[in-house]
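Please read the structure below before turning to the comments.
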There are 2 protein chains.
Amino acid sequence: MAKQMTEMLKGTLEGIVLAILAVGPAYGYEITARLREQGFADIVEGTVYALLVRIEQRGFVDVTKAPSEKGPPRKVYSLNAAGAEYLNEFWKSWSFLAERLEALRLEGK
Amino acid sequence: MAKQMTEMLKGTLEGIVLAILAVGPAYGYEITARLREQGFADIVEGTVYALLVRIEQRGFVDVTKAPSEKGPPRKVYSLNAAGAEYLNEFWKSWSFLAERLEALRLEGK
DNA sequence: TACCACTAGATAGTATCGCAGAATAGCGAC
DNA sequence: GTCGCTATTCTGCGATACTATCTAGTGGTA
């Protein structure tokens, strides 16, 4: 993927993962796989796990353990109230940015 | 500013500045002022100057000096062919991200 | 003179992402 | 029963970009 994507993801990936969790609880491995399916082919697992640790420490998600058929137990994350509010702020920031960029794109041609 | 914006700007601010330069040549102080007018109130000048140095070193802009009525001479940046192409790639990355996020936002409610 | 607006830059600090690899845990084959 | 495979999580280092704050030079004005 374009190297620009790497930098663009900083700050947005967090929102993306929170948005995924807003749809329903999920665990790290699953989230990574879902991102890959949706076209974020180059997102490394380590990145997702680190992000999950961060949002857990900031209290945006609740965590439960669930057994897996194969492999270590899954850590299932679900968005809580604080996380939902933070996600809402994220959407505001994103909307602002997207509007500004759309305006610039039109202006440029 | 929401702290989210700071991280979100990484990778996008570069595209924003290039898009501004696509409209017409401009110098650093002017670009900063224009960003502030457009709602990016908290972007500090040092950020813009550092960014301009980067895109100059990567060969995306041509630079000329122009005298100022008040103050030191202006460094006027204008987008060249390489910069235009890079900006085009930026728009592609941005479009992809914006589409994915829009889909997620709809899915979430 | 002193201050303000304009213009450019430098330094140190912080946060996020990529990469590579280790660690853990269950299941089937041999 | 141990070897290997898959699923799942975690960790440490390096690269990059933005912020905050400061330095510094020019010219007009009170």
Side-chain angles (χ1 to χ4, degrees), chain A residues 1-18 25-36 40-58 60-61 63-77 86 90 93 97, chain B residues 1-18 25-37 40-58 60-61 63-77 90 93 97:
Chain A
M1 191 151 16
K3 40 195 171 308
Q4 300 171 322
M5 191 55 88
T6 292
E7 291 303 323
M8 241 183 263
L9 281 175
K10 296 189 181 180
T12 27
L13 186 57
E14 183 179 271
I16 292 172
V17 169
L18 289 175
Y27 55 98
Y29 194 82
E30 181 189 5
I31 293 172
T32 306
R34 219 182 281 180
L35 287 173
R36 293 231 166 98
F40 298 101
D42 301 310
I43 290 183
V44 186
E45 296 181 350
T47 301
V48 176
Y49 286 111
L51 196 158
L52 288 171
V53 167
R54 286 199 300 272
I55 63 178
E56 179 183 356
Q57 283 174 347
R58 285 197 269 167
F60 296 151
V61 287
V63 185
T64 56
K65 291 250 181 185
S68 160
E69 307 140 20
K70 304 168 89 170
R74 298 167 173 164
K75 279 182 76 175
V76 178
Y77 297 84
Y86 186 77
F90 169 81
S93 297
L97 199 57
Chain B
M1 178 161 41
K3 43 193 173 304
Q4 302 170 323
M5 190 56 87
T6 292
E7 290 302 323
M8 241 183 263
L9 281 176
K10 297 190 179 178
T12 25
L13 185 57
E14 183 178 271
I16 292 172
V17 169
L18 288 176
Y27 56 97
Y29 191 84
E30 180 189 5
I31 293 172
T32 306
R34 220 182 279 180
L35 287 172
R36 294 231 165 98
E37 283 168 17
F40 297 101
D42 302 310
I43 290 182
V44 297
E45 298 182 349
T47 301
V48 176
Y49 287 114
L51 195 158
L52 288 171
V53 168
R54 286 200 301 272
I55 64 178
E56 178 183 356
Q57 283 175 348
R58 286 198 269 166
F60 296 150
V61 287
V63 185
T64 56
K65 290 251 181 184
S68 162
E69 308 135 21
K70 305 168 79 170
R74 298 164 172 166
K75 278 183 77 176
V76 178
Y77 297 83
F90 169 81
S93 298
L97 198 58

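Protein chains get the first letters and strands the later ones, always in sequence-line order, with residue 1 at the start of each. FYI, side chains are in, hydrogens and waters are out, and symmetry mates aren't considered; it's all heavy atoms of this structure.
- In the set D:dT21, C:dG26, C:dT24, the nucleotide with an atom closest to the side chain of B:Val44 is D:dT21.
- Applying the 4.0 Å criterion to OP1 and OP2 of D:dA7, one finds that A:Ser68 has every side-chain N and O outside that range.
- Atom-to-atom, CG of A:Leu9 to P of C:dC19 comes out at 11 Å; the value is rounded to the nearest Å.
- The shortest side-chain heavy-atom distance between A:Glu14 and A:Tyr86 falls under the 4.5 Å cut-off.
- Dashed line: the shortest gap from a side-chain N or O of A:Arg54 to OP1 or OP2 of C:dT16 is under 4.0 Å.
- Taking atom CD of residue B:Glu69 and atom C1' of nucleotide C:dC4, one finds them 16 Å apart after rounding to whole Å.
- As judged by a 4.0 angstrom heavy-atom cut-off over every strand, A:Gly11 is placed among residues touching the sugar-phosphate backbone only.
- Residue B:Thr47 is in base contact, counting any heavy-atom pair closer than 4.0 Å across all strands shown.
- The pair A:Arg74-A:Glu30 fails the salt-bridge criterion, with no side-chain N (NZ, NE, NH1 or NH2) lying under 4.0 Å from an Asp/Glu carboxylate O.
- A sub-4.0 Å separation between OP1 or OP2 of C:dA8 and a side-chain N or O of B:Tyr27 is absent.
- At least one side-chain heavy atom of B:Phe40 sits less than 4.5 Å from a side-chain heavy atom of B:Leu9.
- Across D:dA17, D:dT6, C:dA25, the shortest atom-to-atom separation from the side chain of A:Lys70 is found for D:dT6.
- Side-chain contact between B:Arg36 and B:Ile43 is absent, with no heavy-atom pair separated by less than 4.5 Å.
- Contact annotation for B:Leu52: no contact, since no heavy-atom pair falls under 4.0 Å across all strands.
- Between B:Tyr49 and C:dG9 there is no side-chain N or O to OP1 or OP2 distance below 4.0 Å.
- For A:Arg74 and D:dA7, the CZ to P distance is 10 Å, given to the nearest whole Å.
- Between the NZ atom of B:Lys3 and the P atom of C:dA15 there is a distance of 12 Å, rounded to whole Å.
- Listed nucleotides D:dT16, D:dT9, C:dA15 differ in distance to A:Lys10; the shortest reach to its side chain belongs to D:dT16.
- Heavy-atom distances to DNA chain C give each of A:Thr6 and B:Tyr77 a nearest nucleotide, and the one nearer the 5′ end belongs to B:Tyr77.
- Computed from coordinates, the A:Tyr29 OH to D:dT9 P distance equals 9 Å when rounded to whole Å.
- The distance from atom CD1 of B:Ile31 to atom C1' of C:dC6 is 15 Å, rounded to the nearest whole Å.
- Contact check on B:Arg34 versus B:Glu37 returns no salt bridge, with no Lys/Arg side-chain nitrogen under 4.0 Å from an Asp/Glu carboxylate oxygen.
- Counting to the nearest Å, the P atom of C:dG9 and the CG atom of B:Leu51 are 13 Å from each other.
- With rounding to whole Å, A:Glu45 atom CD is found 11 Å from D:dC10 atom C1'.
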